[in-house]
Amino acid sequence: MDNHSIAMITYANKAAWEASAHLHKSGHGWAQLMASAGRPGFSVLDETLTALLRKYHVDGRRSVQIGCNNARELISLASLGGVPELGIDQSPSFLAQGRELANAAGLELKLLEANIYDLPDDLGNFDLVLITIGVLSWMPDLSEFFRIVSGLMKDGAVLVVYETHPFLEIFDPHRENPHEPGFSYFAEEPQVSTQAITYDGENHGKVEPSYWFIHPLGEIVTACIHAGLKLQELTEYPHSIREPEYDIYAGRNAQVPMSYSLVALK
Ligand SMILES: C[S@@+](CC[C@H](N)C(=O)[O-])C[C@H]1O[C@@H](n2cnc3c(N)ncnc32)[C@H](O)[C@@H]1O
């Protein structure tokens, strides 16, 4: 994809995330997060991601998270002995929430407001790059994305991705028949949404249009390989790491893949 299209799409998505940010800082969820961030051993990482990070020796690794949102996962790395150093996100309002959480946790983090496609040159490189749920689908160009990710990695560094399985993206739990595929797995055009972006399954009204992509698993793996990364493992899971309305696709006899993890070394 050309740079102009990438810039247009990421600019629009920034506006949509910004317009949704205040919805993430209200209510019980935020209060609970703030209260727990200050407790020893704070972590929002689930069992799967925790085990994976331990397996790849997160302890002592200088870490960066891309699309860190409010940095709750980046901060959680400290509970595993990791060294959370840098969070990158293009939404200043979410990063401001991240600063509050980092303060509550007593951690000094650099939280950088930047479009991942347009990073400053002097960020240095890291021992661990973390990418978690809900980042890849916002990326208009995966080849360029993983080239940039690879540039943030030292030789021998580990990339850990824990994401929604792209196959799940073909379903829409809000449709009348939610088990009928609603989107093509091979759609090349972005899906356009005007819904406020939240994770609670509620309708919070409309915001600026945002553009998201279904990147098939083959495209994701190929983009990693072309970026010079050495794939260590790719694991698909039947469990959901999405909003609660996606739970209707879990625990079925005819089970679709719902999430996956990918680990690659530089
Ligand atoms: C779904 S959220 C990540 C949530 C996180 N995994 C968690 O559970 O807290 C995706 C994040 O990616 C960020 N993002 C989307 N496109 C971006 C881009 N081009 N550059 C930097 N950040 C971007 C959004 O601002 C948003 O905070």
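Order of listing sets the numbers, starting from 1, for every ligand and every atom in it. Numbers here are sequence positions counted from 1.
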Any nitrogen or oxygen of [X], side chain or backbone, less than 3.5 Å from one on ligand 1?
X	answer
Q65	no
N115	yes
N70	no
Q90	yes

Is the terminal nitrogen or CZ of R39 (NZ for Lys, CZ for Arg) located under 6.0 angstrom from the six-membered ring centre of F42 and within 45° of that ring's axis? no
- prompt: Is the cationic atom of R175 (NZ for Lys, CZ for Arg) positioned less than 6.0 Å from the six-membered ring centroid of F183 and within 45 degrees of its normal?
  reply: yes
Quick one: which ligand 1 atoms are inside 4.0 Å of a heavy atom on [X]?
X	value
N69	2 (S), 3 (C), 4 (C), 26 (C), 27 (O)
S91	25 (O)
M139	16 (N), 17 (C), 18 (C)
G134	1 (C), 2 (S), 10 (C)
G67	3 (C), 11 (C), 12 (O)

CG (D89) and CD (Q97) are apart, to the nearest 0.5 Å, by 10.5 Å
Atom 26 (C) of ligand 1: of D89, T132, I133, L136, the nearest heavy atom sits on D89
[X], portion touching ligand 1 at heavy-atom distance under 4.0 Å:
X	answer
T10	side chain
R72	side chain
A114	backbone

Correct closest heavy-atom pair for M139 and L142 would be CB-CD2, 4.1 Å
Is a salt bridge present between E113 and K14, judged by a nitrogen-to-oxygen distance below 4.0 Å? yes
Hits for side chain to side chain donor-acceptor pair (under 3.5 Å) against S79, two or more places apart or cross-chain, chain-then-number order -> none
task = Fit a plane to each ring of F171 and F167, take the angle between them on a 0 to 90° scale, and name the class: parallel (under 30°), tilted (30 to 60°) or perpendicular (over 60°).
result = perpendicular
- Message: Between ligand 1 and K14, can you find any atom pair, the residue atom being a heavy atom, that is separated by under 4.0 Å?
- Response: no
Contacts of E73 meeting salt bridge (charged side-chain N to carboxylate O under 4.0 Å, His left out) (sequence neighbours excluded), chain-then-number -> none
Could you go through the side chain to side chain donor-acceptor pair (under 3.5 Å) check for Q90 and T10 one step at a time? CA-CA 9 Å; Q90 64 173 359; T10 51; 4.7 Å; no
